[in-house]
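Take a look at the structure below.
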Amino acid sequence: MTWTWRFEKADGTETSPAVEPEEFTTQGDAESWIGEVWKELLDGGADRVTLFEDDTQIYVMSLSAAADA
């Protein structure tokens with residue numbers, strides 16, 4: 001199992017991340033990483049991220065909502 005993130009603009013188009021991710025072996029590791037770098041990703045032009053387990057989409061999360069919290 002491999003956990004990966006896709007980085008998107010507000011309109012859903014894919015964008016390159018400001019911080020290059022790795023492939024994660026657990027969902028927890030992937031989520032911990034996003035928790036550490038979400039602000040840099042948002043500042044770099046990503047508005048939301050999508051988490052995948054292999055080819056299966058798990059969820060989509062807005063980075064701008066995290067900034068409002």
Side-chain angles (χ1 to χ4, degrees):
M1 255 184 280
T2 302
W3 296 82
T4 56
W5 292 102
R6 181 174 67 205
F7 306 91
E8 302 169 352
K9 296 182 181 226
D11 65 4
T13 58
E14 194 166 355
T15 188
S16 297
V19 179
E20 196 61 39
E22 57 188 86
E23 290 184 344
F24 303 96
T25 56
T26 69
Q27 182 175 355
D29 287 346
E31 291 171 338
S32 291
W33 179 83
I34 207 78
E36 293 171 7
V37 300
W38 69 267
K39 183 149 179 36
E40 293 170 77
L41 295 169
L42 181 61
D43 291 345
D47 295 302
R48 64 186 188 192
V49 292
T50 303
L51 181 63
F52 288 87
E53 179 185 8
D54 296 323
D55 293 329
T56 304
Q57 180 178 315
I58 304 303
Y59 62 81
V60 178
M61 180 176 68
S62 170
L63 296 176
S64 59
D68 295 337

Connected via hydrophobic side-chain network under 4.5 Å: [X] and [Y]:
X: V37; Y: M61; answer: yes
X: W33; Y: V49; answer: yes
X: I58; Y: I34; answer: yes

**Complete:** Smallest heavy-atom separation, G44 atom then A18 atom, equals CA-CB, 3.8 Å

**Prompt:** Minimum heavy-atom separation for L51 to A30, with atom names?
**Reply:** CD1-CB, 3.9 Å

**Prompt:** Crowded around D54 CG? As in, over 12 foreign heavy atoms under 6.0 Å?
**Reply:** yes

If I take atom [atom1] from residue [X] and atom [atom2] from residue [Y], how far apart are they, to the nearest 0.5 angstrom?
X: R48; Y: T15; atom1: CZ; atom2: OG1; value: 12.0 Å
X: M1; Y: T25; atom1: CE; atom2: OG1; value: 9.5 Å
X: L63; Y: E40; atom1: CG; atom2: CD; value: 11.5 Å

**Message:** Testing E22, Q27, E23 one by one against W3 for a side chain to side chain contact (heavy atoms under 4.5 Å, CB included), which residue passes?
**Reply:** Q27

**Message:** Under the side chain to side chain contact (heavy atoms under 4.5 Å, CB included) test against F7, which residue among L41, T50, V19 passes?
**Reply:** L41

**Prompt:** Angle class for the W5/Y59 ring planes (parallel below 30°, perpendicular above 60°, tilted otherwise)?
**Reply:** perpendicular

